[in-house]
Amino acid sequence: METVTENTAPVKLTAKDFTSDQEVKWCPGCGDYSILKQVQTVLPDFGGALENYVFVSGIGCSSRFPYYMATYGMHSIHGRAPAIASGVKIANPDLNVWVVGGDGDLLSIGGNHFIHFMRRNPNIKIMMFNNEIYGLTKGQYSPTSSKGIVTKSTPYGSVDEPFNPAELALGAKSSFFARTMDRDPKHMQAMVKRANEHHGTAFVEVYQNCPVFNDEVFGIFTEKTTKKDETIFIEHGKPLVFGQTENKGIKLDGFKPVVVELGEGVSKEDLWIHDENDKTKAFILAQFADFSTPEHHFPRPFGLFYREDRPCIEEDIVHQIESVKAKKGKTPLNKILSGDKTWTIV
Amino acid sequence: METVTENTAPVKLTAKDFTSDQEVKWCPGCGDYSILKQVQTVLPDFGGALENYVFVSGIGCSSRFPYYMATYGMHSIHGRAPAIASGVKIANPDLNVWVVGGDGDLLSIGGNHFIHFMRRNPNIKIMMFNNEIYGLTKGQYSPTSSKGIVTKSTPYGSVDEPFNPAELALGAKSSFFARTMDRDPKHMQAMVKRANEHHGTAFVEVYQNCPVFNDEVFGIFTEKTTKKDETIFIEHGKPLVFGQTENKGIKLDGFKPVVVELGEGVSKEDLWIHDENDKTKAFILAQFADFSTPEHHFPRPFGLFYREDRPCIEEDIVHQIESVKAKKGKTPLNKILSGDKTWTIV
Amino acid sequence: METIIESTSQRKTEIKETDSVVVRFSGDSGDGMQLTGMQFTDTSALLGQDISTFPEYPAEIRAPAGTVAGVSGFQVHFGSKEIFTPGDFYDVVVVMNSAALKVDLPRLKKGGIIIANTAGFDSKNLKLAGYPEGATNPLEDGTLDNYRVYKIDITKHTKDALKDSGLGMKEIERCKNMFVLGVLFWMFDKSMEFTVKNLQEKFGKKPDILNANLTALKSGWNYGDNTEIFTTRYKISAAKLPAGIYRNISGNQGLAIGLIAAAEKAGLPLFLGSYPITPASDVLHELSKYKANGVKTFQAEDEIAAICSAIGASYAGSLGVTTTSGPGMALKTEAMGLALIFEVPLVICDIQRGGPSTGLPTKTEQSDLLMAMYGRHGEAPLPIVAAATPADCFEAVYEAARISLEHMVPVIFLSDGYIANGAEPWKFPTEDQLKPITVKFLEENNNPDGKFLPYKRDERGVRPWVKPGTKGLEHRIGGLEKQNETGNVSYDSKNHELMVKLRAEKVEKIADNIPMLEVETGKDKAKVLILGWGSTHGAIKTAVLELLDEGYDIAHAHLRYLNPFPKNLGELLHNFDKVLIPEMNCGQLLHLIKAKYLIPAEGLHKVQGMPFTTEEIKEKIKELYNDPS
Amino acid sequence: METIIESTSQRKTEIKETDSVVVRFSGDSGDGMQLTGMQFTDTSALLGQDISTFPEYPAEIRAPAGTVAGVSGFQVHFGSKEIFTPGDFYDVVVVMNSAALKVDLPRLKKGGIIIANTAGFDSKNLKLAGYPEGATNPLEDGTLDNYRVYKIDITKHTKDALKDSGLGMKEIERCKNMFVLGVLFWMFDKSMEFTVKNLQEKFGKKPDILNANLTALKSGWNYGDNTEIFTTRYKISAAKLPAGIYRNISGNQGLAIGLIAAAEKAGLPLFLGSYPITPASDVLHELSKYKANGVKTFQAEDEIAAICSAIGASYAGSLGVTTTSGPGMALKTEAMGLALIFEVPLVICDIQRGGPSTGLPTKTEQSDLLMAMYGRHGEAPLPIVAAATPADCFEAVYEAARISLEHMVPVIFLSDGYIANGAEPWKFPTEDQLKPITVKFLEENNNPDGKFLPYKRDERGVRPWVKPGTKGLEHRIGGLEKQNETGNVSYDSKNHELMVKLRAEKVEKIADNIPMLEVETGKDKAKVLILGWGSTHGAIKTAVLELLDEGYDIAHAHLRYLNPFPKNLGELLHNFDKVLIPEMNCGQLLHLIKAKYLIPAEGLHKVQGMPFTTEEIKEKIKELYNDPS
Ligand SMILES: Cc1ncc(C[n+]2csc(CCOP(=O)(O)OP(=O)(O)O)c2C)c(N)n1
Ligand SMILES: Cc1ncc(C[n+]2csc(CCOP(=O)(O)OP(=O)(O)O)c2C)c(N)n1
Ligand code: SF4
Ligand code: SF4
Ligand SMILES: [Mg+2]
Ligand SMILES: [Mg+2]
């Protein structure tokens with residue numbers, strides 16, 4: 001008895017339709033603006049009705065996101081968005097549920113819900129705005145901040161080894177992981193589209209610049225001058241090529257990825273061809289962020305690392321209910337009240 | 001100003017020295033008895049003084065463990081042992097801290113502390129008694145129970161995809177993962193020894209039978225008749241051989257492990273040689289538990305999957321303190337009280 | 001096959017008429033005492049006797065056989081008069097081994113009956129039960145002189161009876177409990193019919209097991225009838241219970257079906273987000289059986305996820321519920337605050353147990369009341385409803401759900417291990433006898449000349465409930481303070497004060513939607529009022545009835561609604577010279593009453609993980625009653 | 001290089017003597033108002049004036065420049081009389097743009113002075129400040145007729161002054177605030193010396209920046225001195241503060257060093273387990289600077305891990321501390337229960353903010369008292385200590401730590417955003433003036449003729465503290481109920497009741513170790529007592545002093561110890577006809593007082609995320625005072 005209207009909106013919606021009347025309150029230059037814009041831009045293409053979208057967030061600058069969407073939305077408590085969203089989706093699988101949060105919200109206090117969310121695989125899209133810092137609380141390091149970072153809470157540098165979000169998600173059985181960045185609108189739009197198409201939990205990590213507390217932490221990946229050498233954009237079925245003039249690539253020697261110069265006897269055919277269905281290779285891609293061997297400095301991969309089709313918990317729940325109903329039929333309330341054993345007193 | 005006595009006990013201790021006066025209250029036939037026994041048996045070999053051991057647990061049948069050890073110990077609250085143990089170790093790095101918990105305690109409610117524990121890598125040993133069930137609360141499924149399991153809370157079968165503990169730990173940057181079983185005392189002792197030798201967080205998963213609520217869930221791995229075909233015991237530098245007559249092995253074709261019959265043109269030399277320092281291969285080993293291709297049914301690996309040396313948080317904290325002390329010197333309390341800017345009123 | 005079981009005695013024995021008896025079945029976890037007790041109970045019920053039962057499991061999952069830690073007991077109080085508690089002391093105790101005797105002797109009435117399985121008293125058993133090396137057998141050494149002891153080698157008799165059954169020793173031993181049951185049926189002149197029917201249903205597919213059980217049962221009965229050791233039998237006539245159809249129900253069962261009933265009456269799907277914890281887990285188990293009724297149960301990774309998922313489900317238009325006990329309640333604290341400021345329906349069930357911390361998981365206590373009342377940061381009032389008896393768990397949780405849905409507010413429901421596991425006969429209602437629950441989802445803009453106002457309140461201060469998916473009413477809600485009516489984030493000072501006031505008033509106004517408090521037993525004006533809440537009901541009621549008989553001028557009123565209080569509570573209190581508040585805590589309701597009404601109420605506190613005995617309450621009442629001050 | 005800054009006026013202007021002034025510096029987050037305010041404050045302090053300051057940051061991290069949401073203010077109240085609050089209303093407000101005027105005009109006294117930067121009032125700025133399209137400039141349209149307005153194009157003047165500085169526009173603009181400061185120094189006849197020294201230290205390495213700032217400062221001063229627009233200057237003489245050495249301190253600073261001091265006096269390492277949250281984060285920031293003193297700070301993954309790590313550290317022999325605010329307190333609830341039943345030291349600091357739920361993170365409130373008191377399952381009493389002023393945060397938390405260590409009990413310390421961020425002069429103690437804190441780790445068996453008894457108590461009900469690593473005293477502790485003395489798990493009923501009693505008594509006995517409550521202002525017997533706790537201190541004290549001057553027969557007492565209460569509280573209360581309890585909540589201390597002493601105390605409640613004004617309190621006192629009832 002859901003009052004959900006058909007998943008096809010009469011007239012095609014526009015970005016404006018997805019924009020709420022609330023004044024956006026991020027700092028000037030915050031990467032969140034771009035993410036908001038890209039999401040509002042691509043959502044109309046998905047054809048879902050406005051009223052069927054629910055954006056759920058935790059707490060943080062990033063978690064203000066739902067206020068700016070003209071859809072249904074919840075700005076909940078710190079770290080709990082995945083748990084709340086799971087309840088929404090299980091209660092009404094027809095809703096189009098999205099989770100938005102920061103690196104602190106989803107991986108620090110929210111880490112447990114995050115990993116259980118991944119294994120249960122509800123058909124929910126989850127975007128993490130990773131700025132490697134706690135923005136809203138004015139600049140403490142986060143579980144994604146690189147070791148040694150000097151912040152308000154680590155005047156002498158942090159001593160924590162950070163998480164590798166891709167590796168963590170895959171280790172928790174994520175069925176979809178993609179990485180993109182605030183400063184590449186087209187790519188972000190493409191990744192959000194892929195996420196939307198995925199049937200299951202789609203986790204999109206967005207590198208987001210926090211000009212106030214962690215400015216340019218992703219600069220080498222986003223700045224023209226360095227971007228081409230420091231990033232590699234991976235696509236299914238395509239070789240791993242990067243560099244100023246597409247002059248470099250990644251080869252696999254056994255399990256070891258190596259950076260090679262194209263030309264000198266190495267052609268694209270020899271390169272690692274990206275396969276978005278290969279989990280083992282996805283783990284290797286994830287680790288690019290961590291290795292840098294003396295010989296090789298690895299570019300940071302962007303794009304869809306891995307996707308896999310497996311059942312969504314909310315659907316399994318519905319199927320179970322239906323099969324049991326079919327077998328046993330609904331028990332009338334009066335029967336439930338009386339139970340099987342009764343006696344009469346006259 | 002720690003009152004920790006030298007890490008060499010005068011006379012060699014015995015298992016009895018590690019046995020407390022408390023009556024052990026597990027069910028008859030519980031796998032926990034064997035684990036307790038093996039730990040009490042090998043600890044004396046480690047040479048540490050009794051009073052320097054601290055066993056910290058959460059809540060669950062398994063978490064009763066510390067009561068039975070004649071060391072210092074804490075039976076804390078559900079899921080929080082890793083966080084409490086971290087505090088103990090950081091406060092006094094000289095202590096020999098061990099965490100013990102169940103699959104529910106460490107991976108369900110304690111999941112967040114667990115993954116952050118892994119990335120921070122304190123020099124603490126952590127043993128998870130995995131019985132794929134909530135024992136103490138009388139039999140609900142756990143995050144490691146296989147999908148479809150019928151339990152008190154899932155009369156029609158569970159719909160949750162379980163965690164793969166090895167994969168989860170490695171994804172969270174675990175620096176040591178080993179798997180063993182309650183019914184193979186020698187192997188368990190060996191794994192506990194390896195864990196103890198590891199400098200960093202050593203995570204040992206112990207398959208433990210719960211005869212009351214999940215009897216024989218690991219039967220095929222532990223029963224003579226099936227053990228040899230269903231398990232594979234891995235050792236560094238040795239080929240992956242298993243089977244009744246050591247007649248089978250695992251070969252890698254590219255990234256795909258395949259089960260092969262030895263003999264017919266395949267020799268041990270062609271097999272996958274285990275390398276406990278190769279994280280990628282460790283991920284593949286971890287996934288044995290999940291794949292079973294139509295062609296191939298994979299044995300369950302036991303042994304040390306992976307180990308890596310990296311800094312421990314409590315040591316980094318101490319080093320940082322020492323280097324800052326060396327640079328700035330300790331500020332006298334009176335100086336702290338006065339601060340830099342004062343004025344006098346006469 | 002057919003076994004004829006005939007239950008008419010072959011010999012004349014003295015038959016004692018009595019109006020109520022407490023029997024305790026006590027043995028090793030493996031001895032099947034729970035089953036035995038339930039069969040005995042159901043039979044008494046069918047005979048129209050009033051009953052109250054309480055099972056006691058060992059704290060350890062399954063402590064070593066024969067040990068004190070391993071003793072499992074089932075207590076049944078049945079009679080021809082109204083019964084309100086499982087009874088403080090036993091008239092009859094069945095002990096299958098020496099550990100059981102050790103545990104239960106202290107609560108056996110002087111002169112009471114002990115039916116002992118001698119096989120459980122050999123040296124090995126004595127040792128397991130912790131009797132010192134070479135201790136004498138309590139059955140023999142005169143320890144029990146003040147009791148009537150019937151020594152029966154139940155094990156042996158069962159074996160003899162079943163030697164030809166073709167069953168293995170293990171299975172044969174398992175029939176011990178049926179032998180015992182037979183003996184008790186004879187002793188209390190009860191028919192075996194009902195049990196026979198049950199065994200036939202249960203073992204229909206295993207004729208040999210069925211036969212063995214029937215034979216054991218019958219042999220027990222015959223043993224009582226033939227052997228001369230029993231001199232008396234007891235007769236308890238039917239109770240004068242209100243006419244009607246009854247069932248037996250435990251608190252946790254009542255809770256589970258109360259939630260199902262509320263959801264169906266409200267026309268909503270039921271969603272339970274829970275994480276297992278003693279003594280609340282059974283509610284999760286129970287509700288997960290109702291898939292065919294569309295009940296969705298979600299076993300979350302922890303209590304925080306459990307309540308959060310329920311909040312999400314409520315937001316999406318279900319009746320969201322979460323169930324737990326003390327430690328879990330503590331963890332849900334922050335999320336309760338969120339549900340409160342969201343103003344969505346939510347039923348939070350706390351089946352209290354012994355605290356603090358892990359405390360005494362298998363024991364009962366009422367010590368979470370003040371946490372329910374004040375355990376949230378900021379000004380965060382929530383309604384609280386508490387159940388008084390096993391059957392009342394149904395009605396109380398139904399009320400909790402009704403209030404939550406009709407007032408858009410999370411409601412805390414309090415029960416405890418004692419009534420959650422205890423059971424009593426219940427004259428269950430039919431669907432149409434249940435109070436209606438009116439829920440209306442808003443589907444059009446409530447502000448024709450402007451934007452939709454998600455926090456615009458009706459006269460009761462209640463905001464509208466909008467299901468996501470409703471076209472045109474898209475809106476955002478959050479945990480930051482909200483602007484009145486619009487629900488937009490607002491840092492305005494006066495607005496904050498206003499919203500704090502509005503949320504508090506909404507809770508206060510619930511008092512208009514709940515019944516006044518009535519004196520349940522005794523006169524409306526008297527010398528002493530005993531004011532109770534929760535599971536102390538049975539003990540208080542029994543004590544007050546007995547003292548009224550003794551001519552005391554007292555009364556009993558019992559609070560189901562703890563926040564807000566019934567409107568007439570203050571008034572009602574002033575009709576009594578003294579007020580006594582017995583609680584299984586250190587005086588939590590007492591604290592609330594004193595703070596609100598500034599009266600010098602007296603407390604009676606017991607924090608032993610066990611319910612009050614009638615005696616304990618009677619004594620305190622007398623003391624207060626006769627205290628001149 | 002050398003810049004001569006001379007601070008003696010060239011011209012005669014009327015000099016007004018006054019005893020206290022409230023100045024508000026208000027501008028865009030980027031305008032450097034915080035720094036300006038602090039320089040001004042420090043100078044006043046050096047002149048021996050009493051001061052109280054309060055910074056107000058925008059709720060948004062950095063809302064768009066020029067908007068109301070982006071206004072950042074710094075308020076300083078200084079005078080020759082004793083100052084207890086940052087002041088309710090401003091005498092002088094500096095507004096760098098129209099948004100600042102919009103925000104702060106409501107709190108400017110009628111006839112007060114406005115120093116406005118006209119450059120911040122162009123149409124663009126008016127629009128940003130949310131004035132309607134084509135609105136007139138409030139500086140021109142008569143809106144401000146009731147005030148004395150000084151319009152200065154601060155931006156232009158700064159630019160002119162620095163045109164030859166060789167600096168870029170951005171850097172030049174940044175000097176605006178020094179120009180303003182110069183003007184104010186002139187206006188209040190304050191020397192620039194101190195600021196000059198500071199600038200020299202700060203920019204020693206950047207001579208051009210230094211010069212620019214000095215020039216701007218000087219030009220501001222000259223501007224005041226030369227232009228005729230200012231007709232009056234103000235003179236505030238030194239306050240009669242007790243002689244001694246002073247420093248300026250904020251509540252969170254005081255809290256941080258109070259913990260360091262306690263640890264050092266106790267001879268223990270300090271461990272902080274924390275998770276960032278406004279307004280508590282600064283304590284984590286502050287303590288993490290003290291690595292050289294061996295302070296270990298651990299930023300945990302969440303509040304639960306934060307408190308759990310601190311429990312582990314305490315267990316291992318450190319002073320374990322955790323700091324947070326409302327939502328984090330909620331999450332720590334379960335672990336507090338564990339620390340309580342462990343009976344280990346632990347200081348839990350709650351810097352309260354506006355609730356419920358996320359509420360108003362940057363606003364102040366006192367609404368966590370009842371949660372601190374009752375927010376745990378089971379019977380779980382904990383001591384509570386609350387700070388009254390910024391400087392008192394030092395002493396109060398020192399006391400909290402002392403009690404925790406000497407009584408082996410977790411202690412809850414309450415502060416709030418108002419005093420945490422506010423600052424005042426502090427006549428700081430020297431190390432040897434601090435109360436000793438006696439901690440003794442047990443190193444031998446306390447039970448010579450048997451096994452070590454970890455829960456054997458001394459006469460104060462306190463158990464021994466044993467560090468793991470201590471040979472021969474190995475033992476296990478846990479969250480299950482403990483057997484008295486041995487600490488072994490016990491399910492025994494009577495033992496549970498005993499342990500609940502012993503834990504409660506231990507907390508009660510702390511009353512022997514804390515000072516009696518004294519009337520702070522006014523007589524020991526009077527008509528009305530104003531009883532306060534926490535950050536309402538300044539407002540109450542000011543109100544009471546003023547009313548005493550007006551001849552009212554009233555008094556002020558302020559509670560630092562909220563659990564247990566000082567032993568003489570009950571007695572003390574009975575010396576007054578009426579008791580008024582002002583709180584920034586809906587009456588939480590009021591509730592505790594009523595429940596405990598059954599007196600009809602009156603409450604004054606404000607839940608606006610803002611402190612009481614003196615007026616608000618005075619009015620209520622008068623009302624109550626004159627109310628015949
Ligand atoms: C229970 C709780 N703990 C702590 C906080 C304070 N807090 C708010 S947001 C935040 C972290 C913000 O970092 P992130 O999630 O990365 O979001 P960002 O601001 O960087 O976008 C913290 C610690 C809170 N609001 N609630
Ligand atoms: C906060 C809290 N939630 C729930 C519980 C109830 N509880 C105790 S142990 C347990 C799970 C036990 O399973 P596991 O950790 O696998 O240990 P096992 O008993 O199987 O060894 C649960 C849910 C609790 N004690 N505290
Ligand atoms: S603090 Fe950083 S993340 Fe937050 S709004 Fe500002 S720029 Fe964005
Ligand atoms: S319930 Fe299972 S895990 Fe727990 S003690 Fe019994 S057998 Fe062991
Ligand atoms: Mg962030
Ligand atoms: Mg388990």
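In the text below, chain A, chain B and the rest are named by the order of the sequence lines, each starting its count at 1.
Heavy-atom pairs under 4.5 Å with chain C were tallied for D:M371, D:K494, D:K482, D:E365; the largest tally goes to D:M371. Highest contact tally toward chain D, considering only C:L360, C:D492, C:L331, C:N495, is held by C:L360 [criterion: heavy-atom pairs under 4.5 Å]. With respect to chain D, the highest number of heavy-atom pairs below 4.5 Å among C:A380, C:G354, C:P356, C:G355 belongs to C:P356. Note on C:P600, C:A372, C:S367: by heavy-atom pairs under 4.5 Å with chain D, the leading option is C:S367. In terms of non-hydrogen atom pairs under 4.5 Å with chain D, the most contact-rich of C:G337, C:P361, C:G479 is C:G479. Ranking C:C586, C:G328, C:G478 against chain D, the residue ahead of the rest is C:C586, based on heavy-atom pairs under 4.5 Å. For chain C, the option among D:G375, D:P327, D:A339 with the highest count of heavy-atom pairs below 4.5 Å is D:P327. Considering only heavy-atom pairs separated by less than 4.5 Å from chain C, the leading option among D:G609, D:S493, D:A335 is D:S493. Heavy-atom pairs under 4.5 Å with chain D were tallied for C:R376, C:M373, C:M329; the largest tally goes to C:R376.
Here the CG-CG distance, from C:L370 to D:L370, works out to 9.0 Å after rounding to the nearest 0.5 Å. From D:Y374, atom OH reaches atom CG of C:L369 across 11.0 Å, with rounding to the nearest 0.5 Å.
Taking every heavy atom of both residues into account, C:V500 and D:V607 meet most closely at CG2-CG1, 3.9 Å. When all heavy atoms are compared, the tightest approach of C:T333 to D:T333 is OG1-OG1, 3.9 Å.
With a threshold of 4.5 angstrom between heavy atoms, C:L340 approaches chain D through side-chain atoms but not through N, CA, C or O. Using a 4.5 Å cut-off between heavy atoms, D:E379 contacts chain C through both its backbone and its side chain. In this structure, the portion of D:Q588 lying under 4.5 Å from any heavy atom of chain C is its side chain and not its backbone. With a 4.5 Å cut-off on non-hydrogen atoms, D:I341 touches chain C through its side chain but not through its backbone. Neither the backbone nor the side chain of D:L498 comes within contact range of chain C; no heavy atoms are under 4.5 Å apart. In this structure, chain D has a heavy atom under 4.5 Å from the side chain of C:I304, while its backbone stays farther away. Heavy-atom distances place the backbone of D:S490, and not its side chain, under 4.5 Å from chain C. Residue contact with chain C, scored on non-hydrogen atoms closer than 4.5 Å, involves the side chain of D:M610 exclusively. For a residue to count as touching a neighbouring chain, one of its non-hydrogen atoms must lie under 4.5 Å from one of that chain's; by this rule D:R503 touches chain C with the side chain only. With a 4.5 angstrom heavy-atom cutoff, D:L480 touches chain C via backbone and side-chain atoms both.
Looking only at side-chain heavy atoms (C-beta outward), C:L592 and D:H591 come within less than 4.5 Å of each other. No side-chain heavy atom of D:K596 sits less than 4.5 Å from a side-chain heavy atom of C:K594.
A donor-acceptor pair is defined here as one N or O able to donate and one able to accept, closer than 3.5 Å; no such pair exists between the side chain of D:E481 and the backbone of C:G359. Using modelled atom types, one side-chain atom of C:H377 and one backbone atom of D:S357 make a donor-acceptor pair closer than 3.5 Å. Checking side-chain atoms of C:N585 against main-chain N and O of D:G378 turns up no donor-acceptor pair under 3.5 Å.
The side chain to side chain donor-acceptor pair (under 3.5 Å) test with C:E497 is passed by exactly one of D:H605, D:Q608, D:K606: D:Q608.
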